[in-house]
Amino acid sequence: MTARPPQDAGAANTDDDGRAAAAAARAFEARHETLDDFHYPDGIRIAVNFTADFDAMLFRRALNEPPMQKAKGEFGGRVGIWRLIELFDAHGVKATFFTPGRICELYPQSLRAAAASGHELADHMWEHLTPESDELQRDHIERTAAALAEICGERPVGTRSYYRQAHLKDAGHLYNSEGTSSRLPYYAADEKRENCLLILPFHYAIDDAQFYNFGWLKSEPQAQRLTDPERIMDMWWSAFEQQYALGNGYLNICLHPFVSGRALRTRLLGQLIERMKEKPGVWFPTCAQLARYVLAEFPPKSLKF
Ligand SMILES: [Zn+2]
């Protein structure tokens, strides 16, 4: 009996891998639904969601980063958040603040100010961690919902998190602002094709921390960067123009108070918003406002919400 040549063994593995990848792609497709005929109300060409993840020092602590990184997070809670609220208020933009529940104990005044200005407070985990057990996930979701409701009078209807969707649905969440599977909002169900949520996608290319923060997610020194704000605004303006030209564009710009709350960046963000407002048909809703519009006008066809 002759030994099987190594390349045959490799080919068999490749076929198996290919079949597995194809099956995974089909399963993914079966639990996702894109909005093929999506459009905005008359006169609107693009929705821009300004979203801010109010992590402060919590995520820095979770990653056990050095003291200076934690101090940067603290700046976000003491100063940056106020600058972003003032920025959005000055330009008439309604933003969504994805807020870990613990932040309600640390910086309640800023959250009350954000809510009083009409901004949305949404879930961003309890202490910026996703526990594995179902029981703890439910506990964290509920604790955050109660803490946010105590601040603003309403339970959150949206999240930016990786909890199991069954728990998010049970807690009353309508949308999750994560994922990048489409340029427009889309629907995603879990592996059983149940517990469908609306996904409001964002992308790291329009996330401030990728450009302005060294040491992001424990990156190695050679991966660290501190980019000129003007360059970022040029890139985000290009992203806006490309989506605007389509006539049914969507942009979800992800900010962090400890990152974009620095003076030079806040100032340039104001200029970017003003530039966007010069064009007709630009809508700055909260994520909840957009989610409710999509759910009412474009409910899922094959998935059950
Ligand atoms: Zn975060």
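Both counts, for ligands and for their atoms, begin at 1 and track the order of listing. Along the sequence shown, residues are numbered consecutively beginning with 1. These values consider heavy atoms only, across backbone and side chains, with no hydrogens, waters or symmetry-generated copies.
By the 6.0 Å contact criterion, CZ on Arg61 is open, its count of non-hydrogen atoms from other residues, nucleotides or ligands being 12 or less.
Salt bridge annotation for Asp16-Arg19: present, with a cationic side-chain nitrogen under 4.0 angstrom from a carboxylate oxygen.
Ring pair Phe54/Phe98: centre-to-centre distance not below 6.0 Å.
Counting only distances under 2.8 Å, and ignoring water, the protein N, O or S atoms around the Zn ion (ligand 1) are Asp55 OD1, Asp55 OD2, His124 NE2, His128 NE2.
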Would you tabulate the side-chain donor-acceptor contacts of residues 297-305 under 3.5 Å, counting partners in other chains and residues two or more places apart, or write 'none'?
{"unit_1": "Lys301", "atom_1": "NZ", "unit_2": "Asp37", "atom_2": "OD2", "d": "3.4"}
{"unit_1": "Ser302", "atom_1": "OG", "unit_2": "Glu33", "atom_2": "OE1", "d": "2.9"}

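Shown are Ile141, Asp134, Asn176; of these, the side chain to side chain contact (heavy atoms under 4.5 Å, CB included) with Tyr163 is made only by Ile141. A side chain to side chain contact (heavy atoms under 4.5 Å, CB included) with Tyr250 is found for exactly one of Phe202, Phe38, Tyr40, namely Tyr40.
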